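A short worksheet on the structure shown next.
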Amino acid sequence: MTNTNARFTVAVYPGDGIGTEIMGATRRVLDAAQSLFGGFELDMTEYACGAGLYRDTGIEISEADFKAGGDADAILLGAIGLPSVRKPDGTEISPHLRMRNEFGLYAGVRPVKLYPNVKTPLANPRAQDLDIIILRESTEGLFASVGKGEVIDDKEARETLVITRSVTERLVDQAIGLARARKAKGGKGLVTCVDKANVFSAYAFFRKVFDERMDLAPDLERGYAYVDAAALDLVRKPWEFDVMVMENMFGDILSDLAAGLVGGMGMAPCAEIGDENGLFQPAHGTAPDIAGQGIANPSAMIVSAAMMLTWLAEKHDTPALAKAGAAIEQALDRGFENGTVRPTDLGGNTGTHEITDAVIAELKSATA
Ligand code: ATP
């Protein structure tokens, strides 16, 4: 049954560095969307976590605040980490990795889209239409080895890659769902498996499971690319892709490469989806080099929040949320188009607050 006046809990973790700045901006946009569109209510609660908290208290997140994320309808995360703060073993503070693993957030959806007036390093005019999705598996692959790697006698180091059938099947099903939704809006309906199946049995297994699931989706095209060739083609002709699905480490690397094609990390949103939970966070880090200056580009965080609304809309059959999510993305697009959004990381001179004002102004004019 369609949900027409729904209330959703959102656990908000601003984190460190520019995480707090872009989260403040995004909450303003969400508040505006909620009051302009109606039909849903977001009950947002902020929780402390991250490197700053660890430095001050010795814990990176309290167990109660961690659990609140799992219990909420959705999680919004800014960014976590400070270069000067490390655990005694030298590793980074990362409750985010723990959330991915404990909440089963295996599907990292990373849209790569070129917004109007944003310069791409690609000379080919076809790059103007760049709009693809990198689907990064986010709980296993090479990252399954985090905390388990070994250095033997200072002579040899080992990490183990893990690919499971269960996660790969569900990941490919997510890719199929994304490609279908895009096809319904004029997309190519193409899912490309990115791997290194010619060398490693783990990637050959990934491709085998990919094929099995794609056999169940005859309405879609399928493609294959070895990860090295995929890197080349992401630079040569990225517009030929649609949805690209891949192992964790490959996705980590290629999604940064792809972000570089559309303006950099400030333009790299992300949704991390599991069977129950969804976490929405820009793909970038805390950017300590620009933190506290009011110049962080909130675009990736704002689009991640719009993706949260779209995901909640589908999960809970609440069209008002879908409408607000689409409107936020369109408002940002129009801001870029008419020049009110000109982030400094893209060579412009609008700060975090001005960009937020511009997006809210566009939302208002869309509903006037
Ligand atoms: P992590 O390892 O957590 O990904 P990092 O330090 O490698 O972090 P980022 O924090 O993403 O990487 O920063 C990489 C570069 O991109 C920095 O120069 C940073 O200033 C810039 N950057 C990242 N996000 C933004 C943003 N939202 N707005 C402006 N610049 C950004």
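Just follow the structure's listing: the first ligand is 1, and inside any ligand the first atom is 1. None of these values were measured; they are calculated from a predicted model. For the numbers below, each heavy atom of this structure counts, side chains included, while hydrogens, waters and symmetry mates do not.
Contact annotation for atom 28 (N) of ligand 1: protein present (non-hydrogen atoms, distance under 4.0 Å).
Selection from Pro282, Gly285, Ala268 by nearest heavy atom to atom 11 (O) of ligand 1 gives Gly285.
By the 6.0 Å contact criterion, CD on Glu150 is enclosed, its count of non-hydrogen atoms from other residues, nucleotides or ligands being greater than 12. Within a 6.0 Å radius of CD in Gln34, more than 12 heavy atoms belonging to other residues, nucleotides or ligands are found. Counted within 6.0 Å of NZ on Lys87, heavy atoms from surrounding residues, nucleotides or ligands total more than 12; the atom is thus considered enclosed. When the shell of 6.0 Å around CG of Asp154 is examined, it contains 12 or fewer heavy atoms from other residues, nucleotides or ligands.
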Test ring pair (Phe, Tyr, Trp, His ring centres under 6.0 Å) applied to Phe66 and Phe103, step by step: CA-CA 10 Å; Phe66 185 88; Phe103 303 150; 5.0 Å; yes
Kindly indicate, with the supporting measurements, whether the criterion side-chain contact (heavy atoms from CB on, under 4.5 Å) is fulfilled by Tyr13 and Ile61. CA-CA 10 Å; Tyr13 302 95; Ile61 188 167; 3.6 Å; yes
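Two residues are said to be in side-chain contact when any heavy atoms from C-beta on lie closer than 4.5 Å; Glu272 and Arg100 meet this criterion.
Atoms of ligand 1 found under 4.0 Å from any heavy atom of Ile18 (numbered from 1 in listed order, with element): 24 (N), 25 (C), 26 (C), 27 (N). Heavy-atom proximity to Gly266, at under 4.0 Å, picks out these atoms of ligand 1: 26 (C), 27 (N).
In this structure, atom 6 (O) of ligand 1 lies nearest to the protein heavy atom Pro288 CD, 4.6 Å. In this structure, the protein non-hydrogen atom closest to atom 24 (N) of ligand 1 is His284 CG, 3.2 Å. The closest protein non-hydrogen atom to atom 14 (C) of ligand 1 is Met265 CG, 4.6 Å. In this structure, the protein non-hydrogen atom closest to atom 20 (O) of ligand 1 is Asp289 OD1, 2.8 Å. The protein heavy-atom contact nearest to atom 10 (O) of ligand 1 is Ala287 N, 2.9 Å. Ranking the protein heavy atoms by distance from atom 30 (N) of ligand 1 puts Ile290 CD1, 3.5 Å first. Among protein heavy atoms, the minimum distance from atom 2 (O) of ligand 1 is reached at Glu92 OE1, 4.9 Å.
Each of Lys188, Lys185, Arg182, Lys113 was evaluated against Asp131; a single residue qualifies, Arg182, per the salt bridge (Lys or Arg N to Asp or Glu O under 4.0 Å) test.
Ligand 1 lies nowhere less than 4.0 angstrom from a heavy atom belonging to Ile22.
By the criterion of a heavy-atom distance under 4.0 Å, the backbone of Thr286, and not its side chain, is placed next to ligand 1. At a heavy-atom cutoff of 4.0 Å, ligand 1 is contacted by both the backbone and the side chain of Asn297.
No side-chain donor-acceptor contact under 3.5 Å links Asp333 to the backbone of Glu329.
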